[in-house]
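Working notes, beginning with the structure itself.
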Amino acid sequence: GQQVMQIPQYQHVQEGEDFTTYCNSSTTLSNIQWYKQRPGGHPVFLIQLVKSGEVKKQKRLTFQFGEAKKNSSLHITATQTTDVGTYFCAATDSWGKLQFGAGTQVVVTP
Amino acid sequence: DGGITQSPKYLFRKEGQNVTLSCEQNLNHDAMYWYRQDPGQGLRLIYYSQIVNDFQKGDIAEGYSVSREKKESFPLTVTSAQKNPTAFYLCASSIGGSGNTIYFGEGSWLTVV
């Protein structure tokens, strides 16, 4: 099925810094979703992007869908300790199943 | 409360025993899923069901079985044929099956000793 690759696998951030995590595919995606999983918790839906070049913001989080709809990014500004967790992107494959990337595990240092 | 309820949250079993994980949802969702997550890794799809009395294998179905006799229930059995069953199991549901937002339960930790 569809594979989405996430980089980096780990992100160690100083509190207050910005960082970006990326999600890449070799094929055109119909849409992309982002989820966050806190340590010991379950994934929670953050946002869905559908249109080419789409940009959506949620407070300090900015999500972008590439023009070619083959990649997406999540940018977090002024990182806080509450941002700790693993961020997953997910895309619908040709069989209609949602395929998850391996995730970016974010650790925040106060 | 509306949502997805998984039980038990923690389960220990001896090697060679079958174990069934429960998943119930009251969201009136048609589609339900089971994912497996290993430490530090992503989510791998075990089985999914888009409608009652129908289900399909995901990417890692070997050693697992499911049933979907009721819309709200999608239990997963981890059989003795599953070679490495210790993992975190997540049940999820969505309104429809294709590209819709997935809502997850809180998960079940299975440890086989």
Side-chain angles (χ1 to χ4, degrees), chain A residues 1-12 21 23-25 28-51 56 58 63 65 69 72 84-107, chain B residues 1-10 21 23 25 27 29-51 54-61 66 87-110:
Chain A
Q2 174 78 56
Q3 281 198 337
V4 287
M5 307 299 292
Q6 280 190 258
I7 51 172
Q9 187 176 3
Y10 298 99
Q11 182 76 55
H12 199 158
T21 178
C23 183
N24 300 313
S25 171
T28 303
L29 304 172
S30 58
N31 61 70
I32 194 132
Q33 299 180 17
W34 285 90
Y35 292 77
K36 177 183 178 181
Q37 183 177 23
R38 294 183 185 275
H42 60 280
V44 174
F45 173 78
L46 293 176
I47 211 156
Q48 176 168 279
L49 304 171
V50 179
K51 299 177 184 176
K56 288 188 177 180
Q58 288 181 351
F63 303 84
F65 204 6
K69 300 183 74 173
S72 180
V84 164
T86 301
Y87 294 83
F88 294 99
C89 64
T92 305
D93 67 15
S94 52
W95 289 273
K97 295 180 295 180
L98 203 60
Q99 295 286 351
F100 284 81
T104 294
Q105 186 177 345
V106 177
V107 175
Chain B
D1 283 345
I4 302 169
T5 302
Q6 287 187 240
S7 63
K9 188 167 179 65
Y10 299 96
L21 306 179
C23 179
Q25 55 100 357
L27 301 169
H29 285 173
D30 288 314
M32 295 187 75
Y33 314 80
W34 274 104
Y35 288 88
R36 170 179 171 144
Q37 186 175 32
D38 293 282
Q41 296 193 29
L43 305 170
R44 293 185 290 169
L45 183 64
I46 305 172
Y47 267 99
Y48 65 105
S49 167
Q50 299 199 14
I51 197 168
D54 187 42
F55 49 83
Q56 287 81 40
K57 292 181 180 180
D59 300 316
I60 55 164
V66 293
F88 186 47
Y89 291 89
L90 286 157
C91 179
S93 70
S94 64
I95 293 174
S98 179
N100 287 283
T101 302
I102 287 185
Y103 298 87
F104 287 87
E106 294 191 353
S108 294
W109 288 94
L110 172 63

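Numbered from 1 within each chain, the chains take letters A, B, ... in sequence-line order. Computed from a predicted model, the values in this text were never measured in an experiment.
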Worksheet, complete the sentence: Separation between CG (Leu43(B)) and CD (Gln99(A)), nearest 0.5 Å, reads 10.5 Å

Worksheet item: Would you say the side chains of Tyr35(A) and Gln33(A) form a donor-acceptor pair under 3.5 Å?
Response: yes

Response to the item:
One should read off an interatomic distance between Lys57(B) NZ and Tyr47(B) OH, to the nearest 0.5 angstrom, of 5.0 Å

Item to complete: Can you tell which part of Gln37(B) gets under 4.5 Å to a heavy atom of chain A, answering side chain, backbone, both or neither?
Response: side chain

Worksheet item: Can you tell which of Pro43(A), Ala90(A), Ala102(A) has the highest number of heavy-atom pairs within less than 4.5 Å of chain B?
Response: Pro43(A)

Worksheet item: Side chain, backbone, both or neither: which part of Phe104(B) has a heavy atom under 4.5 Å from chain A?
Response: both

Worksheet item: Crowded around Lys9(B) NZ? As in, over 12 foreign heavy atoms under 6.0 Å?
Response: yes

Discussion item. Need one label for Gln9(A): side chain, backbone, both or neither, based on atoms under 4.5 Å from any heavy atom in chain B.
Written reply: side chain

Worksheet entry | chain A contact via Ile102(B) - which portion, at a heavy-atom distance below 4.5 Å | both

Worksheet item: Parallel, tilted or perpendicular: which describes the rings of Tyr10(B) and Trp109(B), with under 30° parallel and over 60° perpendicular?
Response: parallel

Discussion item. Under 4.5 Å from any heavy atom of chain A, what part of Glu106(B) do you find: side chain, backbone, both or neither?
Written reply: both

Item to complete: Just do the side-chain contact (heavy atoms from CB on, under 4.5 Å) check on Tyr33(B) and Leu98(A) with the steps written out, would you?
Response: CA-CA 10 Å; Tyr33(B) 314 80; Leu98(A) 203 60; over 6 Å; no

Worksheet item: For Phe88(B), is it the side chain, the backbone, both, or neither that has a heavy atom closer than 4.5 Å to a heavy atom of chain A?
Response: side chain

